[in-house]
Amino acid sequence: MRHLNKASGGKAIYRGGGSTGIIGAPRAGYLIAPDPDDVGGLRRLMAPVKMNIAVRPEKKEATDLLRECLADGPRRSKEVEEEAREAWGISVRTLKRARQKLGVRAIKDGKEWWMEMPEDAREEGKKTRGSLSEAGTVAPRLS
């Protein structure tokens, strides 16, 4: 059990008093706090702060994102990573695992890195088009 410190904002996992090792040791951690929408102030909310035993759909979202982003050909790695992080909340590490699962190649062209989807995975991605934005640069196939 930890009590929240007085600092406002930031991630809830870092708001507890004492060492972060306290929340780092268990497999799951929860926060119980007053409901800000409850006018009477009686209702409490229980929310997970840390969870490393649950099913994590981020990898599926990351593979779907890669299939969509790379369906028409290679794109700048930096653009794909920014879109994953900003629009979908997918970390670079999760994106890297998804890249490995799909066999996405990293290609260096001059000073820039590009991502290229294997042809078989690209064809599968074209079947699920329309769920993500079309923003970004599509480059010619690099060989």
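Because only heavy atoms are used, hydrogens play no part in the values below, and waters and symmetry mates are left out as well, while side chains stay in. Note that the numbering runs from 1 along the sequence shown for the chain. What you see is a predicted model, and the numbers here were worked out from it, not measured in a lab.
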Only one of Glu61, Glu81, Glu83 passes side-chain contact (heavy atoms from CB on, under 4.5 Å) with Ile90; say which it is.
->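 Exactly one option meets the side-chain contact (heavy atoms from CB on, under 4.5 Å) with Ile90, and it is Glu61.
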
Flag side-chain contact, heavy atom, 4.5 Å: Pro36 against Leu45 =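 Touching, per the 4.5 Å side-chain cut-off.
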
Would you give the length of the straight line joining atom [atom1] of [X] to atom [atom2] of [Y], rounded to the nearest 0.5 angstrom?
X      : Y     : atom1 : atom2 : value
Leu31  : Leu4  : CG    : CG    : 5.5 Å
Asp109 : Ser77 : CG    : OG    : 11.0 Å
Leu66  : Arg75 : CG    : CZ    : 10.0 Å
Arg97  : Thr63 : CZ    : OG1   : 12.5 Å

Side-chain heavy atoms under 4.5 angstrom apart, residues restricted to Ile, Leu, Val, Met, Phe, Trp, Tyr: same cluster for Ile22 and Tyr14?
->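 Ile22 and Tyr14: separate clusters.
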
Answer yes if Trp113 and Ile107 sit in the same cluster of Ile, Leu, Val, Met, Phe, Trp and Tyr residues linked by side chain heavy atoms under 4.5 Å apart, and no otherwise.
->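 No, separate clusters.
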
For the residue pair [X] and [Y], what are the closest heavy atoms and their distance?
X      : Y      : result
Arg15  : Ala7   : NE-O, 2.5 Å
Arg43  : Asp35  : NH1-OD2, 2.8 Å
Met46  : Ile32  : CG-CG1, 4.1 Å
Ala12  : Val49  : C-CG1, 3.8 Å
Gly103 : Pro118 : O-CG, 3.2 Å
Pro26  : Lys50  : O-NZ, 2.5 Å

What residues, two or more places apart in sequence or in another chain, satisfy salt bridge (charged side-chain N to carboxylate O under 4.0 Å, His left out) together with Glu112?
->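 Listed in chain order: Arg76.
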
What pairs with Lys60 under salt bridge (charged side-chain N to carboxylate O under 4.0 Å, His left out), at least two apart in sequence or on another chain?
->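 In terms of salt bridge (charged side-chain N to carboxylate O under 4.0 Å, His left out), with neighbours along the sequence ignored, Lys60 is linked to Asp64.
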
For atom CZ of Arg93, is the number of surrounding heavy atoms from other residues, nucleotides or ligands below 6.0 Å larger than 12?
->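 No, the 6.0 Å shell around CZ holds no more than 12 heavy atoms from other groups.
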
Arg85 and Glu82: CA distance, side-chain angles, deciding distance, side chain to side chain contact (heavy atoms under 4.5 Å, CB included) verdict | CA-CA 5 Å; Arg85 184 177 57 252; Glu82 283 178 15; 3.5 Å; yes

Looking at residues at least two apart in the chain, or sitting in another chain, which of them share a side-chain contact (heavy atoms from CB on, under 4.5 Å) with Lys111?
->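 Per chain and number, Lys111 pairs via side-chain contact (heavy atoms from CB on, under 4.5 Å) with no residue.
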
Working for side chain to side chain contact (heavy atoms under 4.5 Å, CB included), residues Met115 and Leu95 | CA-CA 11 Å; Met115 290 185 195; Leu95 194 65; 4.2 Å; yes

